[in-house]
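Working notes for the structure below.
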Amino acid sequence: MLKRMKDITNEEAIQFLKDNHARKEQVAYDSADRWIGCYVKQPWYNLTFKKLVGVIGISNTKNVARIKGLYVLKDYRHKHIGISLVRLLLQQPEFWQKKRSTLFATKSSKGLFEQVGYRVKSTNK
């Protein structure tokens, strides 16, 4: 599957999360300092990347970078989109220049974050 990652606005990301009822999967609709969206070609014969299928955000404080709002449409999960978004975010200077990073993972995203080196510090019921 051909995909393209690019920066998107807070408004685009939050609207995408709302439109796809991400809150039902415990993904918050908070704003972030930066959002990255993943687009795919749809349908196959179209030459432009128009369909937004996933997002990830980052919020920065003085010493901490927080990953926010990772969400991939159900039909596009298990196609390496989520891990691609996370890896791209981890490469960004505003992320790796911080002393530490945090996130709140859902049950379905926990394994993905463990793949890139995060570990569970605490679990909510």
Side-chain angles (χ1 to χ4, degrees):
M1 170 187 317
L2 295 174
K3 56 189 180 245
R4 180 174 177 225
M5 309 290 186
K6 71 175 193 169
D7 285 355
I8 60 174
T9 66
N10 261 312
E11 293 76 23
E12 290 172 297
I14 291 170
Q15 192 62 53
F16 172 79
L17 294 170
K18 285 180 179 178
D19 289 348
N20 292 289
H21 310 286
R23 188 159 280 154
K24 289 182 181 178
E25 296 183 53
Q26 299 177 330
V27 177
Y29 298 163
D30 301 336
S31 61
D33 294 322
R34 181 177 181 191
W35 286 95
I36 299 171
C38 177
Y39 290 82
V40 296
K41 290 183 179 183
Q42 191 75 12
W44 66 269
Y45 54 82
N46 193 332
L47 298 178
T48 59
F49 292 91
K50 290 186 178 181
K51 184 174 176 79
L52 180 61
V53 298
V55 298
I56 192 167
I58 181 174
S59 288
N60 289 300
T61 62
K62 185 176 180 182
N63 295 318
V64 178
R66 171 161 290 162
I67 295 174
K68 308 181 82 159
L70 173 64
Y71 187 79
V72 176
L73 295 176
K74 287 182 182 180
D75 290 346
Y76 292 87
R77 293 179 188 171
H78 308 289
K79 297 179 188 227
H80 307 288
I81 290 172
I83 196 85
S84 295
L85 284 165
V86 171
R87 286 185 175 146
L88 179 61
L89 186 69
L90 293 175
Q91 295 171 4
Q92 304 308 306
E94 66 265 36
F95 190 85
W96 53 261
Q97 290 173 345
K98 300 296 179 179
K99 291 182 180 173
R100 61 182 207 145
S101 60
T102 63
L103 60 96
F104 294 104
T106 63
K107 279 185 177 182
S108 61
S109 67
K110 179 179 165 270
L112 182 147
F113 287 112
E114 289 174 334
Q115 283 181 19
V116 294
Y118 282 89
R119 66 182 193 285
V120 176
K121 190 171 183 177
S122 65
T123 304
N124 293 339
K125 293 182 180 182

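Computed from a predicted model, the values in this text were never measured in an experiment.
When every heavy atom of V55 is checked against every heavy atom of W35, the shortest pair comes out as CG2-CZ3, 4.0 Å. Here the closest heavy-atom approach between residue L85 and residue G37 is recorded as CD2-C, 4.3 Å. The shortest heavy-atom contact between N20 and Y71 is O-OH, 3.2 Å. Here the closest non-hydrogen pair linking S59 and A32 is OG-CA, 3.4 Å. The two residues C38 and I81 make their nearest non-hydrogen contact at SG-CG2, 3.7 Å. The two residues G54 and F16 come nearest to each other via the heavy atoms N-CZ, 3.8 Å.
With hydrogens and angles disregarded, no donor-acceptor distance shorter than 3.5 Å links the side chain of R100 to the backbone of N63. The main-chain N or O of A105 is never found under 3.5 Å from a side-chain atom of S109 such that the two would form a donor-acceptor pair.
Counting heavy atoms from C-beta outward, L52 and E12 have side chains that stay 4.5 Å or more apart. Between V120 and E114, the closest side-chain pair of non-hydrogen atoms falls below 4.5 Å.
Follow the hydrophobic side-chain contacts under 4.5 Å out from V64 and you never reach V86; the two are in separate clusters. F104 and Y29 fall into different hydrophobic clusters, defined by Ile, Leu, Val, Met, Phe, Trp and Tyr side-chain heavy atoms under 4.5 Å apart, directly or through other members.
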Checklist line | Derivation and outcome, side chain to side chain contact (heavy atoms under 4.5 Å, CB included), residues Y39 and I8 | finding: CA-CA 11 Å; Y39 290 82; I8 60 174; 3.5 Å; yes
Next item on the list: Might you work through the side chain to side chain contact (heavy atoms under 4.5 Å, CB included) test for L112 and L70, ending with a clear yes or no?
Entry: CA-CA 11 Å; L112 182 147; L70 173 64; 4.0 Å; yes
Margin query: I'd like to know whether T106 forms a side chain to side chain contact (heavy atoms under 4.5 Å, CB included) with F113, so could you lay out the CA-CA distance, the side-chain angles of the two residues, the decisive distance to 0.1 Å, and finally the verdict.
Written below: CA-CA 10 Å; T106 63; F113 287 112; over 6 Å; no
Notebook entry, point to check: Hey, mind stepping through Y76 and K3 against side chain to side chain contact (heavy atoms under 4.5 Å, CB included) and telling me if it holds?
Noted result: CA-CA 11 Å; Y76 292 87; K3 56 189 180 245; over 6 Å; no
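R87 CZ to M5 CE: the interatomic distance, rounded to the nearest 0.5 Å, is 11.0 Å. To the nearest 0.5 angstrom, N10 atom CG is 8.0 Å from D33 atom CG. A distance of 9.0 Å separates NZ of K121 from OG1 of T102, quoted to the nearest 0.5 Å. The NZ atom of K18 sits 8.0 Å away from atom CZ of R23, with the distance rounded to the nearest 0.5 Å. R66 contributes atom CZ, which lies 8.0 Å from atom CG of L103 (distance to the nearest 0.5 angstrom). With rounding to the nearest 0.5 angstrom, the CG atom of L90 is 8.5 Å from the CD1 atom of I58.
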